[in-house]
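Whatever order the structure lists them in is the order used to number ligands and atoms, beginning at 1.
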Amino acid sequence: MPKFYLTTPIYYVNARPHLGHTYTTIVADSITRYKRLRGYEVVFLTGTDEHGETVARSARRAGREPQAFADEVAGAYQRLWKTLGLDYDHFIRTTESRHEAAVKKLFQAAKKAGYIYKGKYQGLYCVPCELYVTDPTPEGNCPTCGRPPERVEEENLFFKLSAFQDKLLAHYEKHPDFVQPESRRNEVVSFVRSGLRDLSITRTRFRWGIPVPGEESHVFYVWFDALTSYLSGIGYGATGAGASQFERLWPADLQLVGKEILRFHAVYWPAFLMAAKLPLPKTIYAHGWWLMELEKMSKSRGNIVRSEPIHRVVGIDGLRYYLLREMVFGQDSNFSYDALVTRYNSDLANDFGNLVSRLLTMVERYFKGEIPYPSAGADRTAEDREVAAVAERSITAFQQCFDGCDFSRGLEAVWALVSAVNKYLVETEPWVLAEDEAKRARLATVLWTAAEGVRIATTLLYPVVPAAAERVRQQLGLEGELAATSLDDLSWGQFPTGTRIGSLEPVFPRLEKDAAIQQMRQLEEELTAAAAPPARRGGAVSADEQNWISIDDFAKVEMRVGEVRSAERIAGATKLLKMVVDIGDEVRQIVAGIAEAYTPEQLVGKKVVIVTNLQPRKIRGVESNGMIVAATVGDSGRPVLATFSEDVPVGARLK
Ligand code: MSP
């Protein structure tokens with residue numbers, strides 16, 4: 001049996017899973033199921049990325065030890081994947097000792113080959129991205145996240161990435177499938193062509209990481225650590241059975257990644273592997289982002305949607321179908337509850353679900369629940385032949401699309417068949433045939449043909465909506481499980497006649513759109529409130545009649561000195577400015593109604609007063625995480641910012 005080793009990225013534990021993470025994992029699960037139907041032994045790896053400064057800082061903010069914090073979030077990921085029934089084989093956590101052993105082994109191999117040396121890094125560093133910023137934006141910000149980087153100076157171990165420029169270019173040339181899709185491949189090639197600098201792969205500014213052998217004050221750079229998970233999770237660095245599993249499975253056949261982490265996977269990763277003389281993965285496929293109001297859905301932007309509210313309302317298969325059908329793999333897609341329910345109702349409830357129940361109701365009514373025998377081939381009409389032809393075409397197109405990770409077009413191919421069977425039933429009118437005893441043979445052929453079309457569509461749908469497809473298969477009275485079916489054997493004409501259908505129950509009940517959307521929004525709000533840190537939870541102070549407040553009440557308001565790092569106007573909002581403000585141990589995005597009183601240029605570098613423990617909120621769709629303090633002057637209410645007559649350190653508290 002050919003093997004197929006497939007990976008998702010391993011997820012950072014500084015945030016709990018949102019729909020973007022669920023997406024990659026669901027795609028990987030669908031590919032796993034599809035490849036198994038094609039006869040592959042599939043091994044699917046996922047996991048959690050638990051080291052690094054961002055995780056250490058998140059843990060500190062939550063008042064937890066990093067390991068306890070990581071345990072909790074890794075547990076949340078595992079529980080969610082279990083709830084969603086995602087069929088992974090390996091879950092690797094970077095804090096496991098087997099992983100630590102693998103990172104050290106990869107490092108030693110690269111060192112032995114002469115690709116590691118000691119040097120000094122002086123420059124900018126973006127903490128949230130855990131990335132040295134060598135090419136800041138014109139405003140001096142991190143090109144990946146747009147946030148202001150910090151100036152650092154560190155003695156590090158460096159990896160001789162520059163030595164791999166030609167080797168990488170030769171590999172991209174020789175293996176056009178190595179980076180997919182094509183457009184992303186071109187970006188990677190031009191990035192490498194423009195020159196590669198050596199890469200610092202250790203850190204001394206924090207301790208939360210894997211210690212570097214022989215350099216006790218250094219820990220590994222998170223990306224050197226995290227990328228190794230694809231090896232450690234299947235036995236690299238182990239002995240005995242673990243090691244032989246690694247030999248059998250590596251190199252990976254397909255590594256799925258989001259587009260923002262493609263550079264790490266398509267440039268650093270193959271270079272690390274080449275240095276350690278390990279074979280390279282066959283394909284790295286970068287997908288696009290789920291957007292919310294045209295911005296990437298992410299925790300730092302505060303615009304996330306979680307999968308729980310969705311699958312509790314549209315079901316797990318409803319969620320899976322929407323994600324795979326709506327997003328063209330490789331491109332961005334805007335998430336909308338409206339589009340989700342519309343897709344569910346029109347494709348799943350209406351086209352597919354109704355077809356199954358109409359068909360089975362007729363088989364029950366006209367043939368006492370037994371799939372009838374079709375008439376001999378010679379009696380087949382053009383309509384019968386057309387359905388068979390569409391089915392054959394759908395089988396081929398579906399497989400081509402899924403082999404090329406084109407899931408939405410693969411599903412369109414199944415819908416061509418679903419629509420053809422619906423059209424067939426409208427044209428052949430079995431309910432009219434049923435009224436005439438002389439047309440009973442024709443009625444039998446029509447219902448058999450429709451049942452065969454539904455069987456094929458259901459089999460093709462299994463990788464995407466596995467539970468629903470298994471239930472339809474049972475309702476059709478077919479034996480065995482779809483999971484054990486072979487797609488290579490799937491062709492027209494195999495529906496076993498005389499099959500007794502199972503009991504009919506709707507697989508995709510229709511949803512009342514407004515109520516469903518409202519329910520999902522409400523569940524999402526409840527989850528957001530529950531996830532907010534205690535200081536921000538609730539927040540509503542009772543309306544007190546008297547004007548005095550106690551010192552304890554005043555102490556609840558946390559005010560700190562902030563320095564404005566960048567400011568920009570918000571398109572379409574004349575009064576609003578979006579600022580990035582440094583408040584000492586973090587930077588905040590704050591929206592304030594001061595655009596008519598201050599230009600962005602006047603603000604950059606200014607020390608201001610920030611209320612830092614206000615509940616985050618969205619203003620014109622932009623997250624505001626704090627409030628800038630200003631006096632309101634004159635009849636026009638002109639804002640004048642509170643500032644300081646002496647120099648004060650950023651982050652200092654006001655009381
Ligand atoms: N820990 C690194 C990956 C290390 S792999 C050796 C990381 N983690 S992450 O949790 O931030 O992201 C994991 C994956 O989720 C990435 O592929 C990322 O693109 C994906 N998504 C996160 N937000 C997303 C969307 N809004 N939309 C689609 N996928 C996105 O990066």
First-shell residues of ligand 1 [heavy atom, distance under 4.0 Å]: Pro9, Ile10, Tyr11, Tyr12, His18, Gly20, His21, Asp49, Trp223, Ala226, Leu227, Tyr230, Val257, Gly258, Glu260, Ile261, His265, His287, Gly288, Trp289, Trp290, Lys296, Met297
Do Lys167's NZ or CZ and the ring of Phe164 fall within the cation-pi criteria of under 6.0 Å and 45°? yes
Does Lys112 have any salt bridge (Lys or Arg N to Asp or Glu O under 4.0 Å) partners at least two apart in sequence or in another chain, and if so, which? none
Would you please name every residue forming a ring pair (Phe, Tyr, Trp, His ring centres under 6.0 Å) with Tyr322, sequence neighbours left out? Trp290, Phe335
Got a sec, which residues hit ring pair (Phe, Tyr, Trp, His ring centres under 6.0 Å) with Trp208, two or more places apart in sequence or on another chain? His51
With heavy-atom distances below 4.5 Å as the criterion, would you say the side chains of Lys104 and Glu100 are in contact? yes
For Asp49, is there an ion pair with Arg93 - N to carboxylate O distance below 4.0 angstrom? no
